[in-house]
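What follows is a set of notes on a single structure, which appears directly below.
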Amino acid sequence: MKTLWRFKENVISVRGLVLSGPLSPLLLQHLRCCSGAVIQWQNERVPIKCSDLLDEFTTYCYARDLPRAMSALNALQIQKIWADAVTYSELIKCCLARGAVEQGKRVHQHVFSNGYEPKTFLVNTLMNMYVKFNMLDEAQALFDQMSDRNVVSWTTMIAAYSSAKINNKALEFLILMMRDGVRPNMFTFSSVLRACDDLSNLRQLHCSLLKVGLESDVFVRSALIDVYSKMGQLKCAMCTFNEMVTGDLVVWNSIIGGFAQNSDGDEALTLFKRMKRAGFSADQSTLTSALRACTSLALLEVGRQVHVHVLKFKRDLILDNALLDMYCKCGNLEDAHQIFSQMVEKDVISWSTMIIGYAQNGFSRKALELFKEMKVSGIRPNYITVLGVLFACSHAGLVEDGQYYFHSMKKLFGIDPGREHYGCMVDLLGRSGKLDEAVKLIHEMECEPDAVTWRTLLGACRVHRNMDLAEYAAKQIIKLDPSDAGTYILLSNIYARTQKWEDVMDLRRSMKERGVKKEPGCSWIEVNKQIHAFIMGDNSHPQKEEINKELNQIIWRLKEVGYVPDTNFVLQDLEDEQMEDSLLYHSEKIAVAFGVLSLSREKTIRIRKNLRICGDCHLFVKLLAQIERRSIVIRDPIRYHHFQDGICSCGDYW
DNA sequence: GTAGGGTTAG
């Protein structure tokens with residue numbers, strides 16, 4: 001064995017006083033100057049014992065002193081000494097925490113260098129290190145050469161493939177593991193569940209884990225809730241949640257997030273309140289989902305309340321993005337921009353959210369200006385960002401800009417145009433009256449046009465009153481989406497106008513056969529943090545008389561300034577019975593009247609609708625905003641309408 | 001003593 005030496009520590013004597021320890025040259029010089037001290041050097045060489053080396057290595061590993069632990073490891077290697085597995089696992093943890101890949105590999109090499117396979121526990125730790133470093137091949141190689149794999153070895157690989165979204169591998173490993181006689185535990189299930197992208201597989205796994213009684217584990221439960229939600233199986237997610245005796249914050253977050261992501265904001269907010277009543281404090285993830293719920297319901301005031309909770313936490317990019325989106329989708333661009341400008345860190349989602357926010361709310365120029373700023377900032381636009389840019393171009397009628405970005409998106413940003421990009425271009429061409437070019441583009445699409453693409457063309461036909469093309473587009477829509485009641489009605493109106501009575505009858509018959517019904521129009525308005533819903537033909541609101549009186553007064557005032565109900569409904573999806581009288585009682589008109597009644601003039605009236613706004617309501621609100629000198633925002637399922645000073649941000653095109 | 005969780009833009 002080679003002998004290693006080290007120097008004893010410096011010992012100095014200053015006027016009889018002995019100081020020892022690793023004294024710095026600076027201190028020595030100081031002592032010499034100020035005291036004229038006699039410095040005795042005792043640089044005696046002493047041999048190092050094996051046990052000292054091991055002690056030293058162990059101490060540095062547990063102290064998480066990576067540089068010293070690594071030089072001690074070199075000494076061990078020279079001396080051909082091996083420490084115990086737990087000490088190495090401490091060192092590996094230290095490498096992981098510091099992202100020290102090279103050092104980690106060195107430890108790997110060392111523990112295998114005595115010719116024996118290290119303990120399973122230690123190989124598992126090394127495997128996990130490679131997984132966390134995203135070095136799946138290295139982890140797999142270690143796994144392959146293991147002679148004794150336990151449940152942790154298998155679960156480590158399953159979790160690795162599951163989080164890398166190599167789902168088939170994760171599921172395959174579960175089968176191989178069981179064939180090998182190793183029983184999966186709660187760790188295994190919580191990982192493999194997330195690799196499930198098929199409902200029947202998920203049900204099978206759910207049954208298996210119920211059989212072995214693992215359903216009460218919070219990790220398993222949150223995985224089940226999460227995966228059921230991602231598959232849109234909210235009932236199953238809720239059942240899993242409700243069977244809980246105890247749970248934790250993440251389980252609550254999973255179920256709240258599940259509803260928020262499936263556009264059931266009401267249920268998400270109800271659960272959010274229930275969670276707080278159950279004594280849990282919201283964290284960033286809870287608040288992000290709560291904001292998403294407010295966003296889908298356009299609840300500005302509730303969103304503001306959530307914002308107050310957000311301020312308790314340190315800055316969080318995802319949460320800031322959610323907050324930004326909430327203000328955009330509630331039509332409050334001033335607050336959205338304030339959040340955006342105060343964000344210390346912005347990613348592609350922050351920029352896209354703000355660009356799309358401006359574009360959807362009709363502020364196209366601002367959206368395009370921001371896009372230029374984004375490029376200067378160095379953040380690379382993605383598929384969705386470009387979509388926002390094209391959307392902005394189509395809304396401002398910027399045909400040339402739109403065509404430029406569309407044709408150069410591949411070259412400039414490396415993004416192939418997708419169906420939605422084509423949709424924006426159809427909208428852009430259609431809006432500017434170039435209907436033939438729009439149809440040509442649809443036929444040139446590299447991907448198949450869907451119902452949304454044709455609905456976009458139909459929108460253009462409505463504005464430019466092209467009945468022939470509208471008929472063609474409507475037929476395509478019904479082919480692709482036979483449940484679209486609005487389009488049936490619109491097509492039937494076209495047939496009626498052109499006196500194709502047989503076609504009208506055929507269409508009505510097929511609607512009946514398919515059970516297609518148009519859902520009733522519904523508008524929501526938030527007053528004093530309360531949501532008021534108005535459904536067409538529903539008179540159940542406690543203030544109905546007051547509201548009707550207000551609405552009639554508004555109509556009277558509007559008629560005085562020249563308002564005539566727009567009964568040209570051929571290219572709208574309104575039926576006969578929705579005409580004239582009932583036209584005056586569309587849900588958004590009632591909601592607006594309630595807004596005028598309940599909110600002071602300086603407050604913006606914000607309404608969310610389930611159906612597209614009809615031409616008459618659009619005109620009604622535009623005039624009302626003008627004579628009342630107030631700002632009104634209506635969000636329909638596709639667009640935003642900001643009414644102010646007699647004009648609408650949509651430019652009368654929707 | 002080693003393995004497992006929830007959140008953002010169309």
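Below, read A as the first sequence line, B as the second, and so on, with proteins coming before strands; counting in each chain starts at 1.
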Is a salt bridge present between A:Arg64 and A:Glu90, judged by a nitrogen-to-oxygen distance below 4.0 Å?
yes
When you measure from every atom of DNA chain B, which of residues 117-125 of chain A have a heavy atom less than 4.0 Å away?
A:Phe121, A:Asn124, A:Thr125
Suppose the criterion is side-chain hydrogen bond (donor to acceptor under 3.5 Å, both in side chains): which pairs have a residue in residues 122-132 of chain A, not counting sequence neighbours?
A:His108-A:Tyr130, A:Asn124-A:Asn150, A:Asn124-A:Ser153, A:Asn128-A:Lys132
Would you call A:Asp636 and A:Lys609 a salt bridge, using N to O less than 4.0 angstrom?
no
Contacts of A:Asp316 meeting salt bridge (Lys or Arg N to Asp or Glu O under 4.0 Å) (sequence neighbours excluded), chain-then-number -> none
In residues 327-344 of chain A, which ones come under 4.0 Å of DNA chain B, going by heavy atoms?
A:Lys329
Classify the angle between the aromatic ring planes of A:Phe371 and A:Phe413 as parallel (below 30°), tilted (30 to 60°) or perpendicular (above 60°).
perpendicular
Starting from P on B:dG10, measure out to CG on A:Asn361 and report it in whole angstrom.
12 Å
Side-chain donor-acceptor pairs under 3.5 Å in residues 168-186 of chain A, sequence neighbours left out?
unit_1: A:Asn185; atom_1: OD1; unit_2: A:Phe187; atom_2: N; d: 3.0
unit_1: A:Asn185; atom_1: OD1; unit_2: A:Thr188; atom_2: N; d: 3.1
unit_1: A:Asn185; atom_1: OD1; unit_2: A:Thr188; atom_2: OG1; d: 2.9

Residues in residues 229-243 of chain A with a heavy atom under 4.0 Å of DNA chain B, by number, are A:Lys230
Kindly state each residue pair satisfying salt bridge (Lys or Arg N to Asp or Glu O under 4.0 Å) with at least one member in residues 359-380 of chain A, sequence neighbours excluded.
none
Listed in order of residue number, which residues of residues 362-374 of chain A have a non-hydrogen atom at under 4.0 Å from DNA chain B?
none
Please name all residues satisfying ring-ring contact (aromatic ring centres under 6.0 Å, His included) with A:Phe313, sequence neighbours left out, ordered by chain then number.
none
So what does A:Val192 hit on the nucleic acid, given a heavy-atom distance under 4.0 Å: a base, only sugar-phosphate, or nothing?
nothing
Pull out every residue in residues 104-114 of chain A that has a heavy atom closer than 4.0 Å to any atom of DNA chain B, ordered by number, or say none.
none
Contact list for residues 214-241 of chain A, test salt bridge (Lys or Arg N to Asp or Glu O under 4.0 Å), sequence neighbours left out
A:Arg194-A:Asp226, A:Asp226-A:Lys230
Looking across every strand, which nucleic acid part, if any, lies under 4.0 Å from A:Ala260 by heavy atom: base, sugar-phosphate, or nothing?
nothing
Closest listed nucleotide, where the reference is the side chain of A:Val152 and the choices are B:dA3, B:dT7, B:dG1
B:dA3
Strictly by salt bridge (Lys or Arg N to Asp or Glu O under 4.0 Å), give each pair with a member in residues 241-269 of chain A just once, sequence neighbours left out.
none
